[in-house]
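Heads up: the structure comes next, in structure tokens.
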Amino acid sequence: MTQTTDRPPVLFLSHGAPPLADDSTWTRQLNDWSGTFGKPKDILMVSAHWENAPVTLSATGRDPGLVYDFWGFPQKYYDVAYDAPQAPELAAEVEKLVAAHGHHVERDESRGLDHGAYVPLKEMYPAADVPVVQMSMPTLDPQGLFELGMSLGPLRDRGTLIVGSGFTTHNLRWFNPAGGPDTAPPAASSEFDHWAEEAMARGDVDSILDFLNKAPAAREAHPRSEHWAPLYVALGAAYGSGDIRAQTAIDGFWFGLSKRSWTLT
């Protein structure tokens, strides 16, 4: 695939855990998805696994390695490498846009990509040839993150792919390795997934931001909202076009969790 600066979509993806790499169906889905739009100039990742205020950007001056922010997995998952180029030009653009909307921006040159970033990117861009910078979520407030996303929308005009990386349902009490990845999801996971599918298809931003009051089983699907919150940033970045058109790119369940992911244009 050749490099292009065509305006990329915005993505929200369910990023999985390190064992995603062993799931041939999901890895194929992610790889196929990245082939449905042009190769971006660079990637801005917003992961559920980095909450930090003020807005902070990951390393751009040196390679600190990956952040293996998980515990109790076999050693092979700690040996994974993803040597994507750094993206200092993108970081500078992010800093300029976000600062213009009233946010102070800091840099953390000691921080690499966490598993919410590199696990899916390794399947989507296995050659690790697209520069990446990660941005922290400074809050979990829906409106605040949505407005932060809106400030980032102009990045698309320079060829940047903006990715919110979370999980459409994320209750680890449902995660039962003994049942296998294809185990039937709990009713609460299915109900929330169905609601999310319909709300996104309608472009119903207000309901999505107010999901705790609007969605069925919201507090069961998300005991804490950090894995839903990257969607707010993605919606804001896409909303800069004047409306939101969302298309499901991946659906289904993984160990009871909804892996639904969307392309936003």
Side-chain angles (χ1 to χ4, degrees), residues 4-15 33-34 36-51 54-58 87 89-103 105 116-117 120-121 124 130-168 196 199-209 211 225-249 260-265:
T4 179
T5 55
D6 291 345
R7 195 168 192 260
V10 179
L11 309 184
F12 174 80
L13 57 81
S14 294
H15 61 238
W33 187 13
S34 65
T36 63
F37 48 86
K39 189 174 182 180
K41 177 179 180 180
D42 44 34
I43 298 172
L44 176 65
M45 291 291 301
V46 181
S47 163
H49 294 279
W50 196 15
E51 298 173 50
V55 173
T56 308
L57 302 176
S58 64
E89 292 181 3
L90 172 57
E93 289 294 324
V94 171
E95 188 169 12
K96 180 172 66 176
L97 290 169
V98 171
H101 285 75
H103 288 273
V105 181
L121 287 180
M124 299 179 80
V130 182
V132 183
V133 70
Q134 189 168 337
M135 185 184 80
S136 72
M137 293 189 296
T139 177
L140 294 181
D141 172 65
Q143 189 63 36
L145 289 176
F146 180 75
E147 291 173 3
L148 177 61
M150 288 186 69
S151 75
L152 299 169
L155 293 173
R156 298 172 64 195
D157 294 326
R158 65 183 295 280
T160 298
L161 178 67
I162 302 169
V163 182
S165 178
F167 233 129
T168 294
M200 288 291 286
R202 295 193 306 269
D204 189 351
V205 173
D206 290 342
S207 290
I208 295 164
L209 297 184
F211 84 104
S225 65
E226 82 285 349
H227 275 75
W228 185 243
L231 178 58
Y232 307 145
V233 181
L235 286 170
Y239 194 72
S241 300
D243 59 5
I244 290 174
R245 294 176 295 277
Q247 181 176 2
T248 294
R260 188 175 297 278
S261 302
W262 288 278
T263 303
L264 307 175
T265 57

- Query: Tell me, do Leu152 and Leu44 make a side-chain contact under 4.5 Å, heavy atoms counted?
  - Reply: yes
- Message: Take a 6.0 Å sphere around CD of Glu226 and say whether it holds more than 12 heavy atoms from other residues, nucleotides or ligands.
- Response: yes
- Task: Please tell me if the side chains of Trp33 and Leu11 come closer than 4.5 Å, counting only heavy atoms from C-beta onward.
- Result: yes
- Locate the shortest heavy-atom distance separating Ser151 from Leu97; write the atom from each residue and the value. O-CB, 3.6 Å
- Message: Run Leu57 and Gln134 through side-chain contact (heavy atoms from CB on, under 4.5 Å) and show every step you take.
- Response: CA-CA 6 Å; Leu57 302 176; Gln134 189 168 337; over 6 Å; no
- Task: Kindly compute the distance separating CG (Leu145) from CE (Met137), expressed to the nearest 0.5 Å.
- Result: 6.5 Å
- Query: Tell me, do Val94 and Leu155 make a side-chain contact under 4.5 Å, heavy atoms counted?
  - Reply: yes
- Flag for Thr168-Trp228: side-chain donor and acceptor within less than 3.5 Å: no
- Shortest non-hydrogen contact from Phe167 toward Phe12: N-CZ, 3.8 Å
- Note on the structure: So CD1 of Ile43 and CD1 of Ile162: to nearest 0.5 Å the spacing works out to 11.5 Å
- Query: Between atom OH of Tyr232 and atom OG1 of Thr139, what is the distance when rounded to the nearest 0.5 Å?
  - Reply: 10.0 Å
- Message: So which atom in Met135 and which in Trp50 form the shortest heavy-atom distance, rounded to 0.1 Å?
- Response: C-CE3, 3.8 Å
- Task: Would you name the heavy atoms of Pro9 and Leu161 that are closest together and state the gap between them?
- Result: O-CD1, 3.4 Å
- Message: Show, in sequence, the C-alpha distance, side-chain angles and deciding distance for Thr56 and Val105, and conclude whether the side-chain contact (heavy atoms from CB on, under 4.5 Å) test is met.
- Response: CA-CA 6 Å; Thr56 308; Val105 181; over 6 Å; no
- Can you check whether Arg156's main-chain N or O pairs, donor with acceptor, with Arg7's side chain at less than 3.5 Å? no
- Message: Within the structure provided, determine whether Leu231 and Met200 are in side-chain contact (heavy-atom separation under 4.5 Å).
- Response: yes
- What is the distance from atom CG of Leu121 to atom NE2 of His15, rounded to the nearest 0.5 Å? 11.5 Å
- Between atom CZ of Arg245 and atom OG1 of Thr265, what is the distance when rounded to the nearest 0.5 Å? 4.5 Å
- Whether His227 and His49 hold their rings parallel, tilted or perpendicular, with breakpoints at 30° and 60°: perpendicular
- Message: Any non-hydrogen side-chain atom of Leu90 less than 4.5 Å from a side-chain atom of Arg158?
- Response: yes
- Query: Do you know which two heavy atoms are closest between Ser165 and Pro120, and how far apart they sit?
  - Reply: OG-CG, 4.4 Å
- Pro138 vs Leu148 side-chain heavy atoms within contact, under 4.5 Å: yes
- Enclosure of Glu51 CD (heavy-atom neighbours >12, cutoff 6.0 Å): yes
- Task: Please report the closest heavy-atom contact between Ser14 and Ser261, naming both atoms and the distance.
- Result: N-OG, 3.0 Å
- For the residue pair Trp262 and Leu13, establish whether any side-chain heavy-atom pair is separated by less than 4.5 Å. no
- Main-chain N/O of Val205 paired to Ser207 side chain as donor or acceptor, under 3.5 Å: no
- Task: Evaluate side-chain contact (heavy atoms from CB on, under 4.5 Å) for Asp42 paired with Val132, printing each intermediate quantity in order.
- Result: CA-CA 6 Å; Asp42 44 34; Val132 183; over 6 Å; no
- Message: Contact between Phe146 and Val233 at the side-chain level, heavy atoms closer than 4.5 Å - yes or no?
- Response: no
- Task: Would you please test Ile208 and Leu235 for side-chain contact (heavy atoms from CB on, under 4.5 Å) and show each step?
- Result: CA-CA 9 Å; Ile208 295 164; Leu235 286 170; 3.6 Å; yes
- Arg260 versus Thr248, side-chain donor and acceptor atoms under 3.5 Å: yes
